[in-house]
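Please read the structure below before turning to the comments.
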Amino acid sequence: MSLNLLNEEQLKPAIDVNGAILVTAGAGSGKTRLLTERISYLINECGVDPYNILAITFTNKATNEMKERILLACPNANNIWISTFHSMCAKILRENISNLNGFNRYFTIYDTSDKDKLLKKIVTDLGFESDKVKDFSSEIDKAKNLGFDPDEYYAITEFKPNAADVKKVYSEYQNQLKNNNALDFDDLLTKTLELFKLHPNVLKLYQHRFKYIHIDEFQDTNLVQYKIAKMLAGEHKNIFVVGDEDQCIYGWRGANIENIINFRQDFLNVKCYKLEQNYRSTKNILNIANKLIKHNVSRIEKVLWTENEEGEPPTYFTAQDEVKEAEYVANKIYNLISHGVQPNQISVLFRLSALSRLIEEKLLSYNLPYVVSGIFKFFERAEIKNVLAYLRLTINPKDNESLKRIINFPKRGIGNVSVEKIETIAKTNNVSMLEVVLNDEMYDLPKALREKLSSLKYVYQNLPDKTSGIYNFANEVIKLADILEAYNKLDDEDNDRLLNISQLLESIKSFEHQNPNCELSDYLESITLQSSIDEAEDDKNAVNVSTIHASKGLEFDYVFIIGVEEGLFPISRAQDSENEIEEERRLMYVAITRAKKQVFLTNTKSRYLYHDRSFSIASRFLKEMELVVKTPNFVNNFRTETKNYYDYSKSYSNNNYTENVYNYAKQTNENVSSNLQDVMVKKLNTQKNNYSSYTVGTQVLHPKFGVGTIINANLTSQTPDVTVDFGKFGNKTLSLSMAPLQILKSK
């Protein structure tokens, strides 16, 4: 490493080694390079012992990367302390927690599952309903993010109706943690703060050691973390913090943007530097990012600039509905990959995870590799699996695994012992577990358990008529089971789960529309098979499908931001709070600045959400970015000649396709190509967009869905498409410009 790698903006704070320093570093401005170069400069040029340097990062990945870079430049810096806040505090507590009564150095760290299990027991033992566990957990998290014990938190929340109950549960929770010699994740911070306050001699040891303190992603620190950092810097006062208030997007997790203001007030003669040169994005991308973020008040004024090229202008597209939006995105991705763009340089981002379903479906249909990050794939999400388990039991009452999944959802207070009892009775009598539930008196279940099972029993004794269609049936089952009431609409995560269930119902409705007279078993089989054939998750060279929160710190050549509508982005709950609107705006800023070459923003004229279709309003952020509100005509360019498609097809032909071709050829003795690349190259070079062969009755082969028969052909429109019956996968409507179909046999 060399300081020669730094620009003038970076060099000034890198060699300013004394006192309190705040660097506000814009997106893509090279703050990681600045940190590593500064630490190397302290060691190599200033003669500072690595033992006296502390560097705090926010992820283990960032910690490992920084260690590697510094050790490369300073091979003798093994004793430098680089870690996350939580890892640092865990190490300090291992050495000193015996100073706090009731704990020793062999304490256990409880993960989320351990915490929830203990808290659930406490809540029920104290006589509260078990469905209140999440509410109590949320309040305890808030208290610990502020560094408050039960009494301190009660002092600022006593005006709330449940404040006394929270204090009671919080106090008992902390008592039982102490009895177990255990700490939860937040306690690693709060107990370190308590240790430093109660035992100044321990604090003095670390103050004396850490002569130079560095903190990355300073905007994401909560109040407790800031207090710990402030105390550690109390002796030498050489503290160097790097962050970007414009990228503070974790307020819901305790991140406190005011720590930047506090820092400037709490340390004398704070020196401030700005990193405004961006190395990642084009001028056009930074132009809309700057226009957007200037509408925030809680920030330090800065304007990102770059020496990069002007680049492609941002593209804004308004679709008729969410299906057309997903089709548009898939088309653009198809064309980008066809022109040689690597799939892993493309990302589809959204504010709410519920928007992923249609994107996943379209990418799968057009055989475009993708990986979902930050969230589970749609049909793997717990709330979706729960609903599907209810539905599966209506078809197959012997499905004990589905019964076990939903026997305590929504919460019924049924524990593992009771479930095992029911399972044993079922095995002994050679019947299903559902049979035992429905005939609980006959099988002599305890009265208390029968009462807990009554709501589940009611569902399967009052199932609606299936003749009204699978959508109506599924909707009624959800109502019967009170599934929607299990979630709190005021909670962000629960609200997202409700949206996901809404999207599941829309998926059922769409399947029913495409497959008239279908049965529920057809739908369930189709999604099971669809999930099993989607193996792109193992492919690192795949399109990234992600929430914006999960994309923080990443970068891609091309970024699609979908659902840019009021109520979605910014999210509806932020409408009445300027602080929350500012965080939503920062979230959009983060999304835009993930892109290196081009940004695509999409919204719809109407969207299906919360079991209803309603008109959409374009997000205020589009106006703030001064984007021209127009709907580009992508129809005429829906498919382009592809100079690099041969290489792409070669890379993404897959075993599923080859196996399907082999089996079909074996059964029919037809001569078909066994390689997807041959199919697509032939289609590109000879077909010239002549789709006349795709007539009703023609058999085609799809790399994922296998052999199908065209049952409807729309060949005269500007965007020709066909509907294909793929048997167990159901009917699929596919655009012929992108569909990886090989004609096998004409009618």
Side-chain angles (χ1 to χ4, degrees), residues 1 3 5-6 9-25 29-74 76-89 91-92 189 192 206-222 225-245 247 255 259-260 262-264 266-267 269-275 553:
M1 291 188 190
L3 292 177
L5 296 175
L6 302 181
E9 285 181 342
Q10 296 166 331
L11 183 61
K12 291 176 182 176
I15 61 176
D16 189 349
V17 297
N18 295 311
I21 297 171
L22 168 66
V23 179
T24 175
S29 60
K31 63 182 179 60
T32 302
R33 177 186 294 174
L34 166 63
L35 278 167
T36 53
E37 292 287 356
R38 185 179 198 269
I39 292 171
S40 300
Y41 177 77
L42 284 170
I43 297 170
N44 292 334
E45 303 298 328
C46 301
V48 176
D49 189 335
Y51 178 81
N52 297 128
I53 297 174
L54 171 66
I56 298 174
T57 65
F58 261 77
T59 65
N60 291 323
K61 180 182 177 183
T63 295
N64 294 331
E65 288 178 354
M66 187 173 290
K67 282 180 180 177
E68 289 177 5
R69 293 191 189 190
I70 290 174
L71 287 174
L72 192 64
C74 313
N76 297 321
N78 287 308
N79 59 350
I80 189 172
W81 197 333
I82 303 175
S83 73
T84 64
F85 261 110
H86 288 86
S87 295
M88 176 190 75
C89 289
K91 189 173 180 180
I92 290 172
L189 302 175
T192 300
Y206 293 97
Q207 286 180 330
H208 184 68
R209 172 176 177 176
F210 298 132
K211 296 179 180 179
Y212 294 91
I213 297 173
H214 302 76
I215 303 176
D216 193 11
E217 303 289 3
F218 186 64
Q219 78 281 349
D220 291 333
T221 54
N222 64 24
Q225 291 166 333
Y226 174 69
K227 287 179 179 178
I228 291 171
K230 179 184 172 184
M231 294 175 85
L232 286 173
E235 181 176 333
H236 297 288
K237 304 192 186 303
N238 295 323
I239 181 168
F240 183 91
V241 301
V242 183
D244 181 8
E245 72 285 356
Q247 296 187 73
N259 284 343
I260 291 178
N262 294 335
F263 182 82
R264 300 175 78 175
D266 292 342
F267 289 92
N269 302 317
V270 174
K271 288 168 277 188
C272 297
Y273 296 93
K274 296 181 185 179
L275 300 187

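Basis for what follows: all heavy atoms, side chains included, without hydrogens, waters or symmetry-related copies.
The side chain to side chain donor-acceptor pair (under 3.5 Å) test applied to Glu245 returns Thr24, Lys302, not counting sequence neighbours. Under the ring-ring contact (aromatic ring centres under 6.0 Å, His included) criterion, Tyr212 pairs with no residue at all, not counting sequence neighbours. By the side chain to side chain donor-acceptor pair (under 3.5 Å) test, Asp216 is found to be paired with Lys31, residues two or more places apart in sequence or in another chain being considered. The side-chain contact (heavy atoms from CB on, under 4.5 Å) test applied to Lys12 returns Glu8, Tyr273, not counting sequence neighbours. Under the rule for a salt bridge (Lys or Arg N to Asp or Glu O under 4.0 Å), the partners of Asp266 that lie at least two apart in sequence or sit in another chain are Lys230. In this view, Thr63 and Thr57 satisfy the side chain to side chain donor-acceptor pair (under 3.5 Å) rule, not counting sequence neighbours. With sequence neighbours excluded, the residues that form a side-chain contact (heavy atoms from CB on, under 4.5 Å) with Ala229 are Phe85, Ile215, Ile239. With sequence neighbours left out, the salt bridge (Lys or Arg N to Asp or Glu O under 4.0 Å) criterion links Glu45 to no other residue. Partners of Tyr226 by ring-ring contact (aromatic ring centres under 6.0 Å, His included), not counting sequence neighbours: none found. With sequence neighbours left out, the ring-ring contact (aromatic ring centres under 6.0 Å, His included) criterion links Tyr41 to no other residue. Taking Lys271 as the reference, Asp16 meet the salt bridge (Lys or Arg N to Asp or Glu O under 4.0 Å) condition, with sequence neighbours excluded. Evaluation of the ring-ring contact (aromatic ring centres under 6.0 Å, His included) rule for His86 yields Phe185 as partners, not counting sequence neighbours.
A donor-acceptor distance shorter than 3.5 angstrom exists from the side chain of Asn259 to the backbone of Asn222, with no hydrogens or angles considered. Asn52 places no side-chain N or O within 3.5 Å of a backbone atom of Lys211 that could act as its donor or acceptor partner. Checked by atom type and distance alone, the side chain of Thr36 pairs as donor or acceptor with a backbone atom of Thr32 at under 3.5 Å. At distances below 3.5 Å, at least one donor-acceptor pair connects side-chain atoms of Arg209 with backbone N or O atoms of Tyr51. A donor-acceptor pair under 3.5 Å is formed between the side chain of Arg38 and the backbone N or O of Pro13.
What you find for Ala20 and Phe267 is that their closest heavy atoms are CB-CB, 3.6 Å. Taking both residues in full, the closest heavy atoms of Gln10 and Gly30 are given as NE2-O, 3.5 Å, listed atom of the first, atom of the second, then distance. Among all heavy-atom pairs drawn from Gln207 and Gly234, the shortest one is NE2-CA, 3.7 Å. Heavy atoms only, all atoms of each residue included: Ser29 and Leu275 are closest at OG-CB, 3.6 Å. Closest non-hydrogen pair, Gly19 versus Asn238, comes out as N-OD1, 2.8 Å.
Going from atom CD1 of Ile213 over to atom NZ of Lys237 covers 10.5 Å, rounded to the nearest 0.5 Å. The CG atom of Leu71 sits 7.0 Å away from the CD1 atom of Ile82 when rounded to the nearest 0.5 Å. The SG atom of Cys74 sits 9.0 Å away from the CD1 atom of Ile39 when rounded to the nearest 0.5 Å. Remark: Lys67 NZ to Leu72 CG distance equals 15.5 Å, nearest 0.5 Å. To the nearest 0.5 Å, atom CD1 of residue Ile80 and atom CD1 of residue Ile43 are 4.5 Å apart. Note that CD1 of Ile228 is 11.0 Å distant from OG1 of Thr221, once rounded to the nearest 0.5 Å.
Ring geometry for Phe263 against Phe218 counts as perpendicular: the plane angle is over 60°, on a 0 to 90° scale with 30° as the lower cut.
In this structure, Lys274 and Glu9 have side chains that are not in contact, with every pair of non-hydrogen atoms separated by 4.5 Å or more. Put simply, the side chain of Lys227 does not reach to within 4.5 Å of the side chain of Leu189, judged on heavy atoms. Taking 4.5 Å as the limit, some side-chain heavy atom of Leu22 sits within range of a side-chain heavy atom of Ile260. Using a 4.5 Å heavy-atom cutoff, the side chains of Asn76 and Asn78 are not in contact. In this structure the side chain of Thr192 never reaches within 4.5 angstrom of the side chain of Met88, judged on heavy atoms. Between Ser83 and Lys91, the closest side-chain pair of non-hydrogen atoms is not below 4.5 Å. Contact annotation: the side chain of Val241 never approaches that of Ile21 to less than 4.5 Å [non-hydrogen atoms, C-beta and beyond]. A heavy-atom distance below 4.5 Å is found between the side chains of Ile53 and His214.
Within a 6.0 Å radius of CG in Asn269, no more than 12 heavy atoms belonging to other residues, nucleotides or ligands are found.
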Practice task
Could you walk me through whether Trp81 and Phe210 pass the ring-ring contact (aromatic ring centres under 6.0 Å, His included) test, one step at a time?
Solution key: CA-CA 9 Å; Trp81 197 333; Phe210 298 132; 5.2 Å; yes
Exercise for the section: Given side chain to side chain contact (heavy atoms under 4.5 Å, CB included), test Thr84 with Ile56 step by step and report yes or no. Expected result: CA-CA 5 Å; Thr84 64; Ile56 298 174; 5.8 Å; no
